[in-house]
Structures are given as C-alpha cells and as structure tokens.
Amino acid sequence: MKLLRFGPIGQERPGLLDAAGAIRDLSGIVTDIDGGTIAPESLARLRALDPASLPRVEGNPRLGACVARPGKFVCIGLNYADHAAETGAAIPDEPIVFMKATSALSGPNDPILKPRGSTKLDWEVELAFVVGSECRYVDEAEATAAIAGYFVCNDISERAFQLQSSQWDKGKGCDSFGPIGPWLVTPDEIGDLADLHMWLEVNGKRYQNGSTSTMIFRPAFILSYLSRFMSLQPGDVVTTGTPPGVGLGQQPNVWLNPGDRVSLGIAGLGEQHQLVVDA
C-alpha cells in the first residue's frame, strides 16, 4: 500500500496510490496521514479498502510530505561504509544520531530553499521510515513490527553551517531541508530492504548511484537503538544515512546553487524532483 498527501501547502488531503498509479482520495476515511493513521489497526482498515471505491483525484496535484506533523525527525549519519570512506571518516561503532527540525519537512517536489549565507549546500538521498507503534527499549524484532512504512528522503545539508561546530543540527534543519515522499510504502510492498538501488542526479548528472547493501546499521537496529535513549511515537520519522556521491565527497567539491535541479529515487519507493531557489 502506498499512502500520500496531496494538495496546496497547508491544505493537504490524505490519499492512496492505486495499482494503476492513480491517486485516490482518502479524506472520507481518515483526516490525514499521521501518527493515528499509520497505527497497525488503522493500516489494516485501509488495506481492506477497495481503492476503486474511493474518489479518483484528477490532474497532477502537488504532493506534500508523506507524513504529517511528526513529533520527531531523527537522522543517522555516516551509515554507509562507502560514504564514510569518501569523507575520510572511520566506520562508526554505534549509530551517529542527530535531529532535523520538523519545520524542515517539505513535499518531494517542492523547491529547495538555499538559506541566506549558505555557501556549501549539499544533497543526500536516503531511505527513511516512519514509526507506527510506540517504542521504548524494544528489541529488533519488535522494532521491525513497529515500522509502518518506508519512503525517500533528501537529507539536504548546508556543510558550512554543519561543520562550524561538533553539533550538526543547524546545517540540517533549515526550511525545505527534509523533503519526504512521494509516498509512504508499507513493508509488505517492499522487496529486499537490504538491496534497494538508490540514486541522485544534479542537472542530469548522476552523482549518487548506490545501494542499501552497504548500510552499516539496518532500520530495525536503528529503531531499537534509538529506543534506548528516547521513546518513539507513531508518526516519528527516522532517516538512515546516504551512500557515496555527495557534493562534499567530490574532488573538487560541488555545491548546489539557485537554478540547479535535483532528482533522486529509491527502487520501489518513487522519485523526487526539486529546483534550488534562494530563500
């Protein structure tokens, strides 16, 4: 099942993508795609629906962030062995955890806003997931069952801001730095989670061409690990790191500027397309 949100900013409606690729309006069934909608019992009710019974959405509406109002936006850094190598960093013994502001969330095709004072704007295609059940000191089996769905995230980063101190957060949480979607894909529709192709292009040039096969810490382990330090609630979003090919890893470095177009995707999870503009 593929769940999404469509409509103008601030007026998004919940939707479902049917087998033919058409959007079906879920607003007569649920109020939004959020922590309540993605609880196991709610997902079971949605899965039992006949998509053909839902109103078909015509045209090509804007897609919003595929999860509304997450309480947390948690990120994992340096979680691909080949990405760690390109940055010259050692492979971490434990997940590196940082946060994005929830105000960084945006739709998958919304513009990337280059912040004032930005000089090193970068990209990162990532596999993200949303928590569907409360997690506190869960083991990996419990964590697996608690993941409601997966989606694409572009962990946009301003490296000059990020590397000014040991705290990464201010280079990660600017407005528009967390596009997620186009849709949330439930685990039953995903093939081998350990071998999903991931890619990202800037102005048609492919920079990232990797796979989840080089991920160091897997999603279930990450969720179990995080639950030792904070409780996770339904609707919380976690993004899990990027393969090599970021702008920081290029020789010389490559940074995003207004007018650049970014496209990215993960096999089975869809694509994002963004234009860089000045904030």
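The model shown is predicted, which means the values in this text are computed figures rather than measured ones.
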Full working for side chain to side chain contact (heavy atoms under 4.5 Å, CB included) between Y80 and T212 | CA-CA 8 Å; Y80 283 67; T212 56; 3.7 Å; yes
When rounded to the nearest 0.5 angstrom, what is the spacing between OH in Y150 and CD1 in I190?
-> 6.5 Å
Linking I/L/V/M/F/W/Y whenever any side-chain heavy atoms sit under 4.5 Å apart, do W168 and M99 land together?
-> no
Interatomic distance, I156 atom CD1 to S176 atom OG [nearest 0.5 angstrom] | 5.5 Å
Would a 4.5 Å heavy-atom cut-off, applied to side chains only, mark L193 and L127 as touching?
-> yes
Has the side chain of Q250 got a donor or acceptor atom that lies under 3.5 Å from a matching backbone atom of G245?
-> yes
How far does CG of D82 sit from CE of M215, to the nearest 0.5 angstrom?
-> 11.0 Å
With the side chain counted from C-beta on, respond yes when S211 and L196 share a heavy-atom pair under 4.5 Å apart, and no when they do not.
-> no
Kindly give the heavy-atom pair with the smallest separation between S42 and G36, and that separation in Å.
-> CB-O, 3.5 Å
Taking the side chain as every heavy atom from C-beta outward, state whether F161 and P115 have any atom pair closer than 4.5 Å.
-> yes
Answer whether the closest heavy-atom distance between the side chains of Q164 and K170 falls below 4.5 Å.
-> yes
Is D110 salt-bridged to R62, going by a charged N under 4.0 Å from an acidic O?
-> yes
Can K100 and E158 be counted as an ion pair, charged N to O under 4.0 angstrom?
-> no
May I have the step-by-step check of salt bridge (charged side-chain N to carboxylate O under 4.0 Å, His left out) for D32 and R69, ending in yes or no?
-> CA-CA 10 Å; D32 212 337; R69 299 174 299 281; 3.1 Å; yes
Using distance alone, with no hydrogens and no angle criterion, decide if N257 and K114 have a side-chain donor and acceptor under 3.5 Å apart.
-> yes
Can you tell me if CG on D93 sees more than 12 non-hydrogen neighbours from other groups inside 6.0 Å?
-> no
Residues, nucleotides or ligands: over 12 heavy atoms within 6.0 Å of Y137 OH | no
Check whether the side chains of R136 and S227 place a donor and an acceptor atom closer than 3.5 Å, and report yes or no.
-> no
Is the closest side-chain donor-acceptor distance between D139 and S224 under 3.5 Å?
-> no
Going by heavy atoms in the side chains, are D260 and I112 under 4.5 Å from each other?
-> no
Which pair of non-hydrogen atoms, one from W255 and one from T119, has the smallest distance, and what is that distance?
-> CD1-O, 3.7 Å
Ring-ring centroid check W123 Y207, cutoff 6.0 Å = yes
Could you pull out the closest heavy-atom pair between C135 and L223, with the gap in Å?
-> SG-CD2, 3.9 Å
Note, I216 side chain near P92 side chain (heavy atom, < 4.5 Å) = yes
Note: E189-R47 ion pair, threshold 4.0 Å (strictly below) | no
For the hydrophobic clusters of this structure (ILVMFWY residues joined by side-chain heavy atoms under 4.5 Å, transitively), does one cluster hold both I147 and I76?
-> yes
Can you tell me how far CZ of R218 sits from OG1 of T144, rounded to the nearest 0.5 angstrom?
-> 12.0 Å
Chi angles and distances behind the side chain to side chain contact (heavy atoms under 4.5 Å, CB included) call for L4, I33 | CA-CA 7 Å; L4 54 89; I33 306 300; over 6 Å; no
Would you call K172 and F98 a side-chain contact if the rule is heavy atoms closer than 4.5 Å?
-> yes
Between V130 and I38, which heavy-atom pair has the shortest distance, and what is it?
-> CG2-CD1, 3.3 Å
Should the pair R116-D278 be classified as a salt bridge under the 4.0 Å nitrogen-to-oxygen rule?
-> no
Looking at D155, N154, L113, L121, which one forms a side-chain contact (heavy atoms from CB on, under 4.5 Å) with F177?
-> L121
Would you give the length of the straight line joining atom CE of M198 to atom CD of E126, rounded to the nearest 0.5 angstrom?
-> 7.0 Å
Can you check side chain to side chain contact (heavy atoms under 4.5 Å, CB included) on F151 and L269, steps first, answer last?
-> CA-CA 6 Å; F151 39 88; L269 300 183; 5.6 Å; no
At their closest point, which heavy atom of W199 faces which heavy atom of V125, and how far apart are they?
-> O-CG2, 3.8 Å
Is the closest side-chain heavy-atom distance between F6 and V57 below 4.5 Å?
-> yes
Could you tell me the separation between the NZ atom of K120 and the OG atom of S157, rounded to the nearest 0.5 Å?
-> 13.0 Å
Heavy-atom pair with the smallest gap, counting every atom of D122 and L248 = OD2-N, 2.9 Å
Going by atom types only, do S263 and E271 share a side-chain donor-acceptor pair under 3.5 Å?
-> no
In this structure, which one of D18, L63, N60, L16 forms a side-chain contact (heavy atoms from CB on, under 4.5 Å) with I23?
-> L63
Compute whether any side-chain donor of one residue and acceptor of the other, for S231 and Q233, lie under 3.5 angstrom apart.
-> yes
